[in-house]
Asks: 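The following block contains the structure, expressed as structure tokens.
Start at 1 with the first residue, then count along the sequence.
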Amino acid sequence: MLFMYATALAAATPDWHAAQARQFLQKGWRRDADAEVRAGLELQDSHVGLNTLCVEMARAEGDIDRALACASRGAAAATGDLEARAALSVMEGWLRSNFGWVELRGPDGIDLVRLEPIVTGLVLDAELQSFLLDAAARGRAGLRLPARVALPTGDYTLLGHPLRINAAQTQTLQLPPADFVAAAGRGRRLDVAGGLLVFSGFDLANYRPGFQAELSVSFPLPVGRLGLGVSWELRAWTAAGQRDVVAPNTAGGLLRYGVPLELGGAVLLTPAAVVRGVMLPGLALACDHTTAPVRCAPGVATGDELPVYANGWGVVPGAELALELNVGRVVIGVRGGVGHIFAFVPNPSELALGDRLVEFHSDPADLHGSAWSGAATVGFGL
């Protein structure tokens, strides 16, 4: 009974909470350690050991306000280890001389902002450089507005706004609505598009306009954006003596690089270079079936020639121009494009002739044409 009473009494002291917090930190249990520190400081807010632990954890979390408060209380304590109090006093002075604050405020209805402080000056201190890397990661994850952010002293750019952070001072940055309207256009995006893809030219004369749907992810680069995506197409072609044939399972992939140009506020004009890989069913070949192997050439069959519709593939390099409007975290727009298609037929391949398969060769094995596209687009900021 006396042992249980002594244990309960010890658990009610700041020293016990400090000892528990140190053990939890050694095991990597930072949340439990923080709970012990807070509980101990409620009992004695001037406890030097607890305030030292508080400063250590607050700095690791980027909470400079809390680190300063704990350093100040511990340094001003009337009792406790003299060296520890002196160290806390030095730490308080270092924090006040190396950090300032910015209060971020947004327009009504906006309570979250994703930003990355861009340093425009020189930061030599390795610890401050590490702090900036962590601050950038927290900014990308999102900050609730209004927010008070501590940064090392120096010059920055936040969402395009130049900012000077002075030691122990607080700046206020009122973020205009345009910063949030354009946010989706600046960061990572999931893009969905739907529209028409038209092939033209002698080699592709039997092709009809087709619907194309596209899903892609794009990333900001130091200059421009890079997108990777997949496409699905509903394409039709004419076959001799038959109604149009529709291929519902035509897929492809794409690589796009664009340079968004802001026309003011929420409007972007984006010229881009794009390379597509596409499946090409129904490539028309005119074949001479009197030879062995059968000889074919691109084009629609006439006279005694045998019409063959081969499944091939193609590469379409081209250029696009998009006009986009950023609406919050969503980007809506339209785009048009033009390109040249390089189509290829499997060579040699086989075709059904009567009740048997015979080999055929296409000469040449490549077809050419133009590609024209138009689509409506919707992008979602990630």
Asks: Salt bridge or not for Asp155 and Arg164, using N-O below 4.0 Å?
Replies: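 Looking at Arg164 together with Asp155, the answer is yes, because their closest N to O distance falls below 4.0 Å.
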
Asks: Does atom CZ (Phe342) have a neighbourhood of more than 12 heavy atoms from anything else shown, all under 6.0 Å?
Replies: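 Check passes, neighbour count above 12.
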
Asks: Would you say that Leu50 contacts Thr52 through its side chain, given a criterion of any heavy-atom pair below 4.5 Å between the two side chains?
Replies: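 Not in contact.
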
Asks: Quick check on Trp29: does its CH2 atom have over 12 non-hydrogen neighbours (other residues, nucleotides or ligands) under 6.0 Å away?
Replies: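 Check fails, neighbour count at 12 or below.
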
Asks: Identify, with sequence neighbours excluded, every residue that meets side chain to side chain contact (heavy atoms under 4.5 Å, CB included) alongside Glu56.
Replies: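 Glu56: side chain to side chain contact (heavy atoms under 4.5 Å, CB included) contacts with Leu25, Leu53.
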
Asks: Any ion pair linking Asp34 and Arg66 (charged N to carboxylate O, less than 4.0 Å)?
Replies: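 Judged by the 4.0 Å cut-off on N to carboxylate O distance, Arg66 and Asp34 do form a salt bridge.
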
Asks: Quiz question: by atom type and distance under 3.5 Å, do the side chains of His17 and Asp15 form a donor-acceptor pair?
Replies: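 Side-chain D/A pair, His17 to Asp15: absent.
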
Asks: Hydrophobic clusters here meaning ILVMFWY residues chained together by side-chain heavy-atom distances under 4.5 Å, can you tell me if Leu306 and Phe360 are in one?
Replies: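 Yes: a chain of side-chain contacts under 4.5 Å links Leu306 to Phe360.
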
Asks: Where do Asp288 and Thr290 land on the side chain to side chain donor-acceptor pair (under 3.5 Å) test, with the steps shown first?
Replies: CA-CA 6 Å; Asp288 180 0; Thr290 62; 2.5 Å; yes

Asks: Between Arg225 and Ser218, do the side chains contain an N or O donor and an N or O acceptor separated by less than 3.5 Å?
Replies: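 A donor-acceptor contact under 3.5 Å links the two side chains.
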
Asks: Does a salt bridge link Glu83 with Arg85, judged by any charged N lying under 4.0 Å from a carboxylate O?
Replies: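 No salt bridge links Glu83 with Arg85.
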
Asks: Assess whether a salt bridge exists between Arg295 and Asp363, defined as any Lys/Arg side-chain N lying under 4.0 Å from an Asp/Glu carboxylate O.
Replies: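 No, Arg295 and Asp363 are not salt-bridged.
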
Asks: Would you sort out whether Thr377 and Val334 count as a side-chain contact (heavy atoms from CB on, under 4.5 Å), showing the intermediate values?
Replies: CA-CA 6 Å; Thr377 64; Val334 292; over 6 Å; no

Asks: Any side-chain heavy atom of Asn98 sitting closer than 4.5 Å to one from Pro152?
Replies: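 No; the side chains remain at least 4.5 Å from each other.
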
Asks: Is it true that, when you exclude Trp372 itself, more than 12 heavy atoms of the residues, nucleotides or ligands shown sit nearer than 6.0 Å to its CH2?
Replies: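 It does not: Trp372 CH2 has 12 such atoms or fewer within range.
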
Asks: Taking the side chain as every heavy atom from C-beta outward, state whether Tyr309 and Asn206 have any pair of such atoms under 4.5 Å apart.
Replies: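 Of all side-chain heavy-atom pairs linking Asn206 with Tyr309, at least one is under 4.5 Å.
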
Asks: Under a 4.0 Å threshold between the charged nitrogen and the carboxylate oxygen, would Glu92 count as salt-bridged to Arg96?
Replies: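 Answer for the salt bridge query: yes.
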
